[in-house]
Amino acid sequence: MALSEQEIIRRQSLEELRKLGIDPYPADKFEVNVTAKEIQENYPKDNSLYQDISIAGRIMQRRIMGAASFTEIQDSTGRIQLYFKRDEICPEDDKTLYNVVFKRLLDIGDIIGVKGYVFITKMGEVTIHVKEFKILSKSLRVLPIVKEKDDKVFDAFSDPELRYRQRYLDLIVNPEVRDAFVKRTVMINTMRSFLNERGYLEVETPILQPLYGGAAARPFKTHHNTLDMTLYLRIANELYLKRLIVGGFDGVYEFSKDFRNEGMDRFHNPEFTQVELYVAYKDYEWMMDLVEEMIEKVALDMHGTTKVRVGDNLIDFKRPWKRYTMYEAIEEFTGHDISQMNEEQLVDVATKVGVKVDESMGKGKLIDEIFGETVESKLIQPTFITDYPVEMSPLAKKHRTKEGLVERFEAIVNGKEICNAFSELNDPIDQRQRFEAQLELGKRGDEESMVLDEDFLRALEYGMPPTAGLGIGIDRLAMIMTNSPSIQDVLFFPQMRPEKKQVEASDEDFMKLGIPKEWIPVIRQKGFNTVDELKQANPNKLFNDLNGMRKKLKLDIPALKIEEVKKWIE
RNA sequence: GAUUCCGUAGCUCAGCCGGUAGAGCAACGGCCUUUUAAGCCGUGGGUCCUGGGUUCGAAUCCCAGCGGGAUCACCA
């Protein structure tokens with residue numbers, strides 16, 4: 001890859017440092033005894049603090065004025081200004097360390113360690129007066145420079161493609177990105193300790209599964225060589241966790257990466273995270289209480305309040321949340337009471353509210369579609385929707401009193417589902433029939449219908465206690481809790497198409513054609529990266545272009561002759 | 001997968017009624033010993049995403065491709 005002018009200069013600086021006996025990548029540790037944040041917070045309150053400090057970070061800004069300079073470094077906690085004074089850095093006659101190393105060979109992006117003391121400048125900024133500094137890592141690429149004044153950001157590093165492909169850069173340059181990810185971890189930690197406090201066991205179950213189950217989705221398929229068999233990446237871990245309940249655990253949970261081979265958009269990434277929880281001897285009513293309590297606690301731990309701003313909405317997670325049955329919700333938002341309707345009447349309502357109806361849709365699917373079309377996006381404040389049609393919920397227990405429904409709920413926040421839970425179906429004979437009904441749906445053309453898992457049925461036949469189960473979409477919840485409009489903002493490395501890798505000929509390949517070494521950079525500069533590309537060039541044009549570049553770059557090498565050029569590409 | 005918008009210097013962007021490119025920041029050379037997206041003077045830096053086409057001439061117009069965003073479909 002051809003280097004840009006600035007990259008070449010940085011590599012030259014690197015060499016110069018080495019010539020001066022400075023290792024740009026030293027091996028020894030650099031002891032840090034304070035962070036930028038600690039200084040910013042505590043020094044203004046007590047000016048006797050931090051008079052002998054050692055701190056390290058990345059240079060983010062430099063203002064050089066003759067014999068004194070200000071530099072900002074950034075560590076993992078934030079930024080702080082450094083004050084460099086020539087005669088302090090270089091007390092003797094030799095001013096190289098300041099004039100050459102600091103002023104010329106150091107760049108924005110380099111990582112340095114400094115020792116000194118803290119003071120406040122005339123402008124009122126907490127600053128470290130540097131007594132000595134050490135280069136800890138030389139940066140060879142130019143950092144995008146984001147500047148800020150009065151809360152206005154200049155030259156923001158905002159190109160989504162660059163930000164997602166080079167998340168490390170995004171994290172260096174955009175502090176709010178870093179915050180969102182820290183908050184995501186706070187969220188997960190809160191949930192984990194909430195569940196641990198209740199005595200539930202965190203477990204791990206297979207990601208590679210011979211049968212995929214527990215949800216309705218298309219899987220990723222892979223192959224195990226030794227066993228010579230197809231394996232699937234899990235789309236959920238439900239069926240394995242329930243096997244553990246059969247095995248005698250009272251409560252198990254798993255934070256799991258699941259994989260679904262479906263479309264990608266701002267709410268979907270092919271791999272995503274869920275937490276699933278199963279608790280024996282409980283039901284879905286009990287689980288609703290748990291969800292409310294846990295999510296309220298998440299909001300409090302993350303924001304110190306139950307109220308969270310998400311886009312234009314202020315969402316309040318304070319308990320208790322609203323609860324509707326699905327039929328009530330549909331009636332409230334559409335005026336249609338569908339609770340007693342048959343398939344034909346449902347098709348009629350669905351069509352009226354704008355659902356595209358097709359052959360493969362059963363009664364349950366129709367109700368689900370009507371709900372999705374008319375209700376879901378209108379539920380902004382946390383709301384539980386309960387009692388779903390049995391056809392849509394092959395793993396949920398039949399409702400204790402309502403025919404055709406199951407004991408299931410979803411929590412909807414900001415118009416999106418964040419969790420799904422039920423009283424788990426533990427009747428093995430009913431479960432077998434439900435799987436068989438799924439197979440029927442599959443035959444009708446539903447690509448996401450579930451497959452029959454014989455071992456799971458065998459486990460149920462041994463007997464599973466009544467159990468409440470829950471799945472929470474961690475990424476969705478993180479989006480809401482961090483006010484992120486896209487799932488890509490809460491995943492460090494969202495899925496992307498791979499970058500195009502350019503094939504390039506080596507210097508040797510070009511030299512084999514008889515091209516003098518000093519001309520190779522010129523050829524690359526002209527955009528010829530492979531021998532083939534070069535051979536396809538018109539020799540006269542190539543000859544002209546190369547000599548033109550020689551002139552433009554004022555190269556001190558003899559001009560090419562047309563015969564030479566022709567010989568290369570014959 | 002469909003529709004639509006976008007792809008110019010390291011970054012953010014202008015130029016797009018066709019005549020081989022500009023600004024700010026960053027870089028380089030000066031001046032400046034507490035500055036504040038520092039300032040001032042000067043300099044350099046570009047396969048204008050790729051490939052075709054139209055044209056005397058394309059960053060600019062047309063077509064195709066690649067990459068990305070948004071919306072829709074599937075889904076969490």
Side-chain angles (χ1 to χ4, degrees), chain A residues 2-10 12-13 60-72 81-88 98 104 107-109 119-125 127 129 139-165 169 173 215-218 235-236 258-274 356 368 372 410 416-420 446-448 471-477 479 485-488 494 496-500 502 524-529 533 545 552-554:
Chain A
L3 296 176
S4 72
E5 182 195 29
Q6 292 190 51
E7 285 173 308
I8 292 165
I9 289 166
R10 287 190 178 213
Q12 287 166 350
S13 299
M60 297 304 286
Q61 223 191 90
R62 316 218 298 152
R63 295 181 284 277
I64 296 179
M65 301 155 284
S69 309
F70 291 89
T71 292
E72 257 177 44
Q81 179 167 266
L82 308 179
Y83 174 64
F84 286 80
K85 195 174 177 181
R86 189 219 288 139
D87 297 333
E88 193 112 10
Y98 182 83
R104 200 155 60 73
D107 290 295
I108 289 177
F119 74 109
I120 292 185
T121 64
K122 280 182 193 165
M123 297 303 292
E125 179 149 352
T127 300
H129 189 117
S139 167
L140 296 182
R141 284 181 183 259
V142 185
L143 223 49
I145 307 296
V146 180
K147 293 194 174 185
E148 216 177 306
K149 190 184 187 181
D150 304 330
D151 286 331
K152 226 184 132 187
V153 178
F154 297 80
D155 297 338
F157 178 63
S158 54
D159 180 341
E161 179 169 6
L162 289 178
R163 286 184 48 223
Y164 301 146
R165 283 197 198 281
L169 253 191
V173 151
R218 300 205 301 270
I235 58 173
D258 293 342
F259 306 83
R260 297 191 185 171
N261 206 342
E262 280 162 352
M264 293 162 58
D265 58 33
R266 71 193 181 91
F267 291 104
H268 300 87
N269 194 66
E271 59 180 284
F272 66 104
T273 305
Q274 285 200 90
K356 274 175 247 139
D368 194 59
E410 292 189 353
K416 280 275 165 191
E417 172 196 341
I418 59 159
C419 81
N420 183 17
D446 187 346
E447 279 186 81
E448 287 157 353
I472 298 181
I474 293 294
D475 312 295
R476 291 281 176 83
L477 188 59
M479 285 169 67
S486 167
I487 198 169
Q488 298 176 113
M496 294 231 146
R497 282 203 171 77
E499 284 180 271
K500 239 194 319 194
Q502 213 162 20
R524 290 190 196 280
Q525 183 91 35
K526 268 290 69 83
F528 296 103
N529 289 313
E533 281 171 18
D545 283 353
K552 194 175 171 192
L553 296 173
K554 300 186 186 99

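Residue numbering restarts at 1 for every chain, and letters A, B, ... go by the order of the sequence lines. What you see is a predicted model; the values in this text were computed from it and never measured.
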**OP:** Please work out whether the ring planes of Tyr83(A) and His129(A) are parallel, tilted or perpendicular, with thresholds of 30° and 60°.
**Re:** perpendicular
Original post:
Taking OP1 and OP2 of U35(B), is either one under 4.0 Å from a side-chain nitrogen or oxygen of Gln61(A)?
Top reply: no
Subject >> Proximal nucleotide (of U33(B), G68(B), C74(B)) relative to the Arg218(A) side chain >> reply: C74(B)
**OP:** Assign each of Asp107(A) and Asp265(A) to its nearest nucleotide of RNA chain B by heavy atoms, then name whichever residue's nucleotide is nearer the 5' end.
**Re:** Asp107(A)
Original post:
How do Glu72(A) and Ile108(A) order along RNA chain B: which one's closest nucleotide is nearer the 5' end?
Top reply: Ile108(A)
Subject >> Listed nucleotide nearest any side-chain atom of Gln81(A), set U35(B), A70(B), G69(B) >> reply: U35(B)
**OP:** Any chance you could measure Arg63(A), atom CZ, to Ser69(A), atom OG, to the nearest 0.5 Å?
**Re:** 10.0 Å
Original post:
Would you say a side-chain N or O of Arg497(A) is under 4.0 Å from OP1 or OP2 of G68(B)?
Top reply: yes
Original post:
If the P atom of C13(B) is compared with that of C49(B), how far apart are they to the nearest Å?
Top reply: 15 Å
**OP:** Determine the interatomic distance between C1' on A58(B) and the same-named atom on C40(B); round to the nearest Å.
**Re:** 40 Å
**OP:** Can you sort out the partners of Glu5(A) under side-chain contact (heavy atoms from CB on, under 4.5 Å), two or more places apart, ordered by chain and number?
**Re:** Ile9(A)
Original post:
Counting side-chain heavy atoms from C-beta on, which of U36(B), G29(B), C74(B) comes nearest to Arg104(A)?
Top reply: G29(B)
Original post:
Can you tell me how far C1' in G39(B) sits from the matching atom in C32(B), rounded to whole Å?
Top reply: 9 Å
Subject >> Separation between the P atoms of C61(B) and A23(B), rounded to whole Å >> reply: 23 Å
Subject >> Point-to-point distance, once rounded to the nearest 0.5 Å, from CG of Asp107(A) to CZ of Arg141(A) >> reply: 14.5 Å
Original post:
According to a strict under-4.0 Å criterion, is Arg165(A) in side-chain N/O contact with OP1 or OP2 of G68(B)?
Top reply: yes
Subject >> Watson-Crick or G-U wobble partner of U34(B), both distances under 3.5 Å >> reply: none
**OP:** Give the rounded distance in Å between these two atoms: NZ of Lys149(A) and C1' of G39(B).
**Re:** 12 Å
Subject >> Between A70(B) and A27(B) - C1' atom distance, rounded Å >> reply: 35 Å
Original post:
Would you say Val173(A) and Leu143(A) make side-chain contact, with heavy atoms under 4.5 Å?
Top reply: yes
Original post:
For Arg62(A) and A27(B), what is the distance between atoms CZ and P respectively, to the nearest whole Å?
Top reply: 7 Å
Original post:
What integer number of Å spans the C1' atoms of A9(B) and A26(B)?
Top reply: 10 Å
Subject >> Contact under 4.0 Å: Arg260(A) side-chain N or O vs C74(B) OP1/OP2 >> reply: no
**OP:** Would you mind pulling out the nucleotide paired to C17(B), Watson-Crick or G-U wobble, both distances under 3.5 Å?
**Re:** none
Original post:
With a 4.5 Å heavy-atom cut-off, do Gln61(A) and Gln81(A) have their side chains touching?
Top reply: no
Subject >> Complementary nucleotide of G24(B), counting Watson-Crick and G-U pairs under 3.5 Å >> reply: C11(B)
Subject >> Gap separating the OG1 atom of Thr273(A) from the CG atom of Asp258(A), nearest 0.5 angstrom >> reply: 8.0 Å
Subject >> Distance in Å, Arg10(A) CZ paired with Ile108(A) CD1, rounded so as to fall on 0.5 Å steps >> reply: 7.5 Å
Original post:
Hey, does Glu148(A) reach any base, or is it just sugar-phosphate, or nothing, if we go heavy atoms under 4.0 Å?
Top reply: sugar-phosphate
Original post:
Considering only heavy atoms from C-beta outward, does the side chain of Gln488(A) approach that of Arg163(A) to under 4.5 Å?
Top reply: no
Original post:
Choosing from G44(B), U35(B), G10(B), which nucleotide comes nearest the side chain of Val142(A)?
Top reply: G10(B)
Original post:
Whole Å only: how far is the CD atom of Glu7(A) from the C1' atom of A9(B)?
Top reply: 12 Å
**OP:** Would you classify Gln6(A) as touching base, sugar-phosphate or nothing, given that sugar-phosphate means primed atoms plus P, OP1 and OP2, and contacts are heavy atoms under 4.0 Å?
**Re:** base
**OP:** Report yes or no: is there a donor-acceptor pair, N or O only, under 3.5 Å between the side chain of Glu161(A) and the base of G67(B)?
**Re:** no
Subject >> Base-pairing assignment for A58(B) (Watson-Crick or G-U wobble, both under 3.5 Å) >> reply: none
**OP:** Using a 4.5 Å cut-off on heavy atoms from C-beta on, say whether the side chain of Phe70(A) contacts that of Met65(A).
**Re:** yes
**OP:** Would you mind classifying the nucleic acid contact of Gln12(A) as base, sugar-phosphate or nothing, using non-hydrogen atoms under 4.0 angstrom?
**Re:** nothing
**OP:** Starting at atom NZ of Lys122(A), determine the distance to atom C1' of U35(B), rounded to an integer number of angstrom.
**Re:** 10 Å
**OP:** Round to the nearest Å and state the distance from Leu140(A) atom CG to A27(B) atom P.
**Re:** 15 Å
Subject >> Strand partner of G51(B), provided both Watson-Crick or wobble distances fall under 3.5 Å >> reply: C63(B)
Original post:
How far, in whole Å, is U60(B) from C17(B) if one measures between their C1' atoms?
Top reply: 10 Å
**OP:** Test for a donor-acceptor pair under 3.5 Å between the base of U34(B) and the side chain of Glu125(A), counting only N and O atoms.
**Re:** no
Original post:
Can you tell me how far P of C74(B) sits from CZ of Phe272(A), to the nearest Å?
Top reply: 17 Å
**OP:** Tell which nucleotide pairs with U71(B), taking only Watson-Crick or G-U wobble pairs whose two distances are both under 3.5 angstrom.
**Re:** A2(B)
Original post:
Heavy atoms under 4.0 Å, any strand shown: does Gly473(A) hit a base, just sugar-phosphate, or nothing?
Top reply: nothing
Original post:
Quick one: are Ser13(A) and Arg104(A) in side-chain contact, heavy atoms under 4.5 Å?
Top reply: no
**OP:** Assign Asn420(A) to base, sugar-phosphate, or nothing according to its heavy-atom contacts below 4.0 angstrom with the strands shown.
**Re:** nothing
Original post:
Could you give the CZ-to-C1' distance, from Arg86(A) to C32(B), as a whole number of Å?
Top reply: 12 Å
Subject >> P gap between C62(B) and C6(B), integer Å >> reply: 11 Å
Original post:
At under 4.0 Å between heavy atoms, what does Arg266(A) touch on the DNA or RNA strands: base, sugar-phosphate, or nothing?
Top reply: sugar-phosphate
Using a cut-off of under 3.5 Å, enumerate the N/O to N/O pairs linking the protein to nucleotides 11-13 of chain B.
residue: U12(B); atom: OP1; partner: Asp159(A); partner atom: N; Å: 3.4

Original post:
Between G10(B), A70(B), G69(B), which nucleotide has the shortest distance from any of its atoms to the side chain of Ser4(A)?
Top reply: G10(B)
**OP:** In whole angstrom, give the distance that lies between atom CG of Asp87(A) and atom P of U34(B).
**Re:** 13 Å
Original post:
C74(B), G68(B), U34(B): which one has an atom nearest the side-chain heavy atoms of Pro160(A)?
Top reply: G68(B)
